[in-house]
Amino acid sequence: APRPLLLFLHGQYGEASDAADWSNLVPLAEKQGFLVAFPQGLDDSADADCGTGWNVGAVGGGHDNATCVAAAYSSTCCYQSCRALGACTSDGAGASCGWSSCYNDTAFIEAIVATLETEACIDTDRIFMSGASNGGMMVHAIATALPALFRAVLPVYGSPLTGHTAPPPRSRRTTHHRRRRSAESPCPG
């Protein structure tokens, strides 16, 4: 019988295998009868080691100075794929608040779901997505880009990029968990 699918996205600098270990989702999936997949984000750092990450929705990998506060500039990177597109010139302030590579991670996630549809017998009415940190940011981006694909999403301490997401449709449930004290991605209020 077709089974529900949960995709879980690791955070910046993260590894899919580590997320599988610390999340404890594999034993839960086995016990509850759903499938869980842990996609791996890419790292094409140019100068500094900026780690693996996800293209969180904006054209050019989220390189938009309006999307974060000044405290975040020191931790942003200009990946090789983004330099090739002219989205940024260097790490730090020259990265224009870039959080990720400029690969099309939306197409990557869509391809994973399509592959699992044909090879793993998933229930296409019960596809869910969650992610932590940069993975949580990607959950917002994917939910905006592919609103009909997921039944529900759960970003964990990863905010959407300002101005780069749409409200979720009424047919999809969204729950958002985040830290209140974050210098890089502050929570208003």
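When hydrophobic clusters are built by joining Ile, Leu, Val, Met, Phe, Trp and Tyr residues whose side-chain heavy atoms come closer than 4.5 Å, directly or via intermediates, Ile112 is not grouped with Val36. Leu42 and Phe108 fall into different hydrophobic clusters, where Ile, Leu, Val, Met, Phe, Trp and Tyr residues are linked whenever their side-chain heavy atoms come under 4.5 Å apart, directly or through other members. Taken together through direct or relayed side-chain contacts under 4.5 Å among Ile, Leu, Val, Met, Phe, Trp and Tyr, Leu146 and Val153 form part of one hydrophobic cluster. In this structure, Phe8 is not a member of the same hydrophobic cluster as Met129, with clusters built from ILVMFWY side-chain heavy atoms closer than 4.5 Å. Transitive grouping of hydrophobic side chains (ILVMFWY, heavy atoms separated by less than 4.5 Å) brings Ile109 and Ile127 into a common cluster.
Residues Asp43 and Tyr13 are not in side-chain contact: their nearest non-hydrogen atoms beyond the backbone lie 4.5 Å or more apart. Residues Phe128 and Leu5 have side chains not in contact (no heavy-atom distance under 4.5 Å, counting atoms from C-beta outward). Under the 4.5 Å side-chain criterion, counting only non-hydrogen atoms from C-beta, Ile122 is not in contact with Pro4. At least one side-chain heavy atom of Ser23 sits less than 4.5 Å from a side-chain heavy atom of Phe38. Counting only heavy atoms from C-beta outward, the side chains of Phe150 and Ile142 approach each other to under 4.5 Å. Residues His10 and Glu15 form no side-chain contact, since every pair of their non-hydrogen atoms from C-beta on lies 4.5 Å or further apart. Annotation: side chain of Pro39 is in contact with side chain of Leu9 (closest heavy-atom distance under 4.5 Å). Side-chain contact between Val113 and Leu7 is present, with at least one heavy-atom pair separated by less than 4.5 Å.
Panel note: side chain Tyr79, backbone Cys50; a donor-acceptor pair is recorded below 3.5 Å. In this structure, Thr52 contributes its side chain and Gly14 its backbone to a donor-acceptor pair below 3.5 Å. When atom types are taken as modelled, the side chain of Asn55 and the backbone of Asp105 share no donor-acceptor pair closer than 3.5 angstrom.
Evaluation of the side-chain hydrogen bond (donor to acceptor under 3.5 Å, both in side chains) rule for Asp123 yields Arg126 as partners, not counting sequence neighbours. For Arg3, there are no side-chain hydrogen bond (donor to acceptor under 3.5 Å, both in side chains) partners two or more places apart in sequence or in a different chain. Partners of Ser133 under the side chain to side chain contact (heavy atoms under 4.5 Å, CB included) rule, at least two apart in sequence or in another chain, are Tyr157.
Here the straight-line distance linking atom CG of Leu35 with atom CG of Leu6 works out to 10.0 Å at 0.5 Å rounding. Between the SG atom in Cys77 and the CG atom in Asp91 there is a gap of 4.5 Å [rounded to 0.5 Å].
Summarising the geometry of Gln40 relative to Trp54, their closest heavy-atom pair is C-CH2, 3.5 Å, with the distance given to 0.1 Å. Of all heavy-atom pairs spanning Thr144 and Pro147, the tightest one is O-CD, 3.5 Å. Nearest heavy-atom pair across Val156 and Ser130 is CG2-OG, 3.9 Å. Of all heavy-atom pairs spanning Ala37 and Leu116, the tightest one is CB-CD1, 4.2 Å.
Residue pairs meeting the side chain to side chain donor-acceptor pair (under 3.5 Å) criterion with at least one partner in residues 108-117, sequence neighbours excluded, do not occur; the list is empty. Applying the salt bridge (Lys or Arg N to Asp or Glu O under 4.0 Å) test to every pair with at least one member in residues 134-150, sequence neighbours left out, gives no pairs at all.
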**OP:** Start with the C-alpha gap between Val56 and Asn134, add the side-chain angles, then the distance that decides, and say whether side-chain contact (heavy atoms from CB on, under 4.5 Å) holds.
**Re:** CA-CA 8 Å; Val56 292; Asn134 179 242; 3.2 Å; yes
Exercise answer: donor-acceptor pairs, residues 80-89 side-chain atoms, under 3.5 Å, sequence neighbours excluded:
from	atom 1	to	atom 2	distance (Å)
Gln80	NE2	Ser45	O	2.8
Ser81	OG	Asp44	OD2	2.9
Ser81	OG	Cys102	N	2.9
Arg83	NH1	Asp47	OD2	3.3
Arg83	NH2	Asp47	OD2	2.8

